[in-house]
Amino acid sequence: MQTIFSIAVDALAYGMVLFVISIGLSVTLGLMRVVNLAHGAFAMIGGYIASYAARDLGVGYGLAVLIAVFGTIVIAIPIERLLYRRIYGRPELTQVLMTIGITFCIIGIANYVFGPTLKTIPLPPSLQGSADLGFRSIAVHRIFAIVCGLCVAAALWYAIERTAFGVRLRAAVDDAAMAAALGVRTEVIYAVSFAVAVGLAAFGGVVGAELLPVEPYYALRYMVTFLVVVSVGGAGSIPGALAACLLLGGIDTTGRYLMPEFGEFFFYLAVIAIVCVFPRGLAGRMK
Amino acid sequence: MTTATTNQAEAPLLSGRHGLGRDLAALAVILVLAVIGYLLFPNNLALLTRIMAIALLVLSLDLVTGYCGVATLGHAALFGSGAYAAGIAAVHFGITDPLLMVAAGIIGGALAGLVCGVVILRAHGLPQLVLSIALIHLFHEFANKASSWTGGSDGLAGIAPDPLFGIFAYDLWGRTAYVFAVVLLAIVFMFLRLVVRSPFGMLCRGIKEDPIRIQAMGGSPTIALLKMYVISGAVAGVGGALNAVSTQVVGLDSLSFTLSAESLVMLVLGGTGSLFGAVTGTIVFMLFEDLVSAANPFHWLTMVGALLIAVVLFAPKGLYGTVAEVLARRRGAGR
């Protein structure tokens with residue numbers, strides 16, 4: 001019973017962190033049709049900036065998160081202008097190569113600037129320790145990660161389903177040319193969504209730093225995980241991504257707890273099974 | 001659109017008429033390069049042998065990516081399976097004849113190709129890419145777990161190949177391994193030129209251009225691609241076995257995602273859809289890697305990244321494709 005409970009909490013927290021990071025990838029993939037393997041690299045940049053701000057500049061956790069999110073967006077904008085613009089609408093192989101190239105560059109530069117060691121982001125006292133639920137106690141940080149995930153999901157759902165921006169976004173996802181003809185400024189939508197996606201990646205990178213430690217090979221190590229989650233969920237679908245994150249987070253965490261010697265064997269087996277059964281993702285809206 | 005397709009389809013047919021001459025020229029180029037390599041780097045034959053093993057992997061990737069249009073980031077699974085098949089045959093079954101080890105590699109690679117083909121060809125686009133990534137990780141974890149057979153993360157050591165034909169022993173300088181590698185590469189290259197030009201190779205190119213049309217004409221895209229995957233697996237298996245014979249050890253890195261991604265980079269650097277492009281890309285990439293990573297391994301990653309971005313932006317046809325295009329244009333202007 002104890003084990004089941006702790007597996008459930010860890011799986012939930014892990015799934016939520018995965019969700020926060022990869023929902024941005026899901027939106028850009030569904031909207032711009034860009035297979036962005038460099039998404040994990042932006043999460044890593046966020047983690048590095050937060051670590052630098054909190055440890056070396058000594059600012060508070062909340063401010064460090066803000067600095068990380070906006071700093072990452074500022075770094076990402078020129079990359080989008082100079083590089084991503086050129087691969088919109090190109091074949092997948094081209095996009096994969098370009099974004100792998102960007103990832104390699106970011107890893108190399110991060111390694112050069114920050115060194116190969118693991119970076120921690122000091123937590124404020126209120127997030128340390130554990131909370132007592134009466135019958136069981138769980139780490140406050142896990143609860144914080146879960147709450148963050150739920151807030152992001154709710155905010156995104158509201159923004160996409162209930163606001164005027166969301167209407168234009170959905171129109172652009174369904175048919176960009178038609179939306180543009182009807183007066184939607186698709187390039188603005190693209191720019192805003194890219195910025196939001198990168199900001200969310202950075203946010204997830206900071207909040208999830210306890211579960212996915214920040215180090216130079218972060219971008220490469222979790223790149224595959226994020227891509228897999230989005231592909232399983234179905235590009236551009238929030239409920240699909242949420243379901244995929246919880247499912248895959250659950251499988252991965254359970255596998256690690258019960259059969260640690262098998263590593264990620266079951267995770268990838270599950271991925272193959274799901275992709276074979278649902279080739280367009282759990283909530284496939286792609287095309 | 002239509003004219004472009006006909007032009008592309010005609011080009012190989014025209015070159016097919018002079019195919020034999022170009023085959024011999026290709027053979028001559030490979031042998032001359034091999035001799036130059038031997039003379040330039042007499043103390044570094046191990047690197048040259050490894051380049052040739054990887055060239056076989058990149059050629060096999062070219063078969064499925066360049067000629068069939070299947071995007072995969074998990075092709076090292078076939079290479080590693082061939083390497084482990086040859087290694088396990090030598091260590092656990094006492095088959096230490098190099099040629100039999102290569103045969104074991106071919107069988108192992110082809111079987112892995114069959115498995116990967118069946119799974120990967122179920123999907124298209126992004127899911128296909130994800131399936132290939134999941135497969136290479138699955139192979140990697142499996143090899144790591146089956147450590148009584150594969151040696152796990154320590155690698156499979158203790159491979160001691162017999163002298164080739166019972167005469168040429170594998171020496172410290174790697175001369176025998178080098179000549180063995182050159183001969184294998186030349187044979188496989190010639191074989192692939194035949195495969196690519198055959199009606200079957202044409203069918204695969206047609207499937208890359210327009211699978212629905214091929215289906216309407218009575219062809220079966222999935223069966224043809226699966227066949228190509230098995231051939232590709234056999235070629236990658238030769239490369240894996242060659243690596244096992246020449247280094248006498250098989251490590252988990254031969255089944256890694258990194259090797260898969262790097263082989264794709266080499267292929268794109270040289271140019272997809274051309275056997276010469278695959279070999280060119282491998283040679284340039286590996287020599288470059290040897291030079292830069294000796295200086296600083298972390299700058300190496302940045303350099304590869306920058307190189308990739310540059311190739312995608314400025315030479316989307318790869319080094320060989322771009323040079324060939326420029327030469328063809330110049331020849332056309334000269335007439």
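Atom NZ of B:Lys227 has 12 or fewer heavy atoms from other residues, nucleotides or ligands within 6.0 Å. With a 6.0 Å radius and a threshold of 12 heavy atoms from other residues, nucleotides or ligands, A:Arg81 has its CZ atom at or below the threshold. Atom CZ of A:Arg86 has 12 or fewer heavy atoms from other residues, nucleotides or ligands within 6.0 Å. Residue A:Tyr257 qualifies as enclosed at atom OH: its count of foreign heavy atoms under 6.0 Å is above 12. Other residues, nucleotides and ligands place more than 12 heavy atoms under 6.0 Å from the OH atom of A:Tyr190.
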> Going through the distances and angles, do A:Tyr217 and B:Leu301 end up as a side chain to side chain contact (heavy atoms under 4.5 Å, CB included)?
Replying inline: CA-CA 11 Å; A:Tyr217 283 93; B:Leu301 212 54; 3.9 Å; yes
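Under the 4.5 Å side-chain criterion, counting only non-hydrogen atoms from C-beta, B:His140 is not in contact with A:Tyr268. Inter-residue side-chain proximity for B:Leu135 and A:Ile272 is flagged as met; some heavy-atom pair is nearer than 4.5 Å. Using a 4.5 Å heavy-atom threshold, the side chains of A:Leu93 and B:Leu264 count as touching. Looking at B:Leu313 and A:Leu83, their side chains come closer than 4.5 Å, going by heavy atoms from C-beta outward.
With respect to chain A, the highest number of heavy-atom pairs below 4.5 Å among B:Val312, B:Ile133, B:Ile309 belongs to B:Ile309. Chain B forms the most heavy-atom pairs under 4.5 Å with one residue out of A:Thr94, A:Leu227, A:Val35, and that residue is A:Leu227.
Contacts of B:Phe257 with chain A are made by side-chain atoms alone, with heavy-atom separations under 4.5 Å and no backbone atom involved. Contact annotation for A:Val96: only side-chain heavy atoms (C-beta onward) come within less than 4.5 Å of a heavy atom of chain B. Using a 4.5 Å cut-off between heavy atoms, B:Thr258 makes no contact with chain A at all.
Here B:Glu262 contributes atom CD and A:Phe104 contributes atom CZ; the two are 7.0 Å apart, rounded to the nearest 0.5 Å. To the nearest 0.5 Å, the span separating OG1 on B:Thr302 from CD1 on A:Ile107 amounts to 9.0 Å. Interatomic distance, A:Ser231 OG to B:Leu131 CG, rounded to the nearest 0.5 Å: 7.5 Å.
Minimum interatomic distance between A:Cys105 and B:Gly305 (heavy atoms only, all atoms of both residues): SG-C, 3.6 Å.
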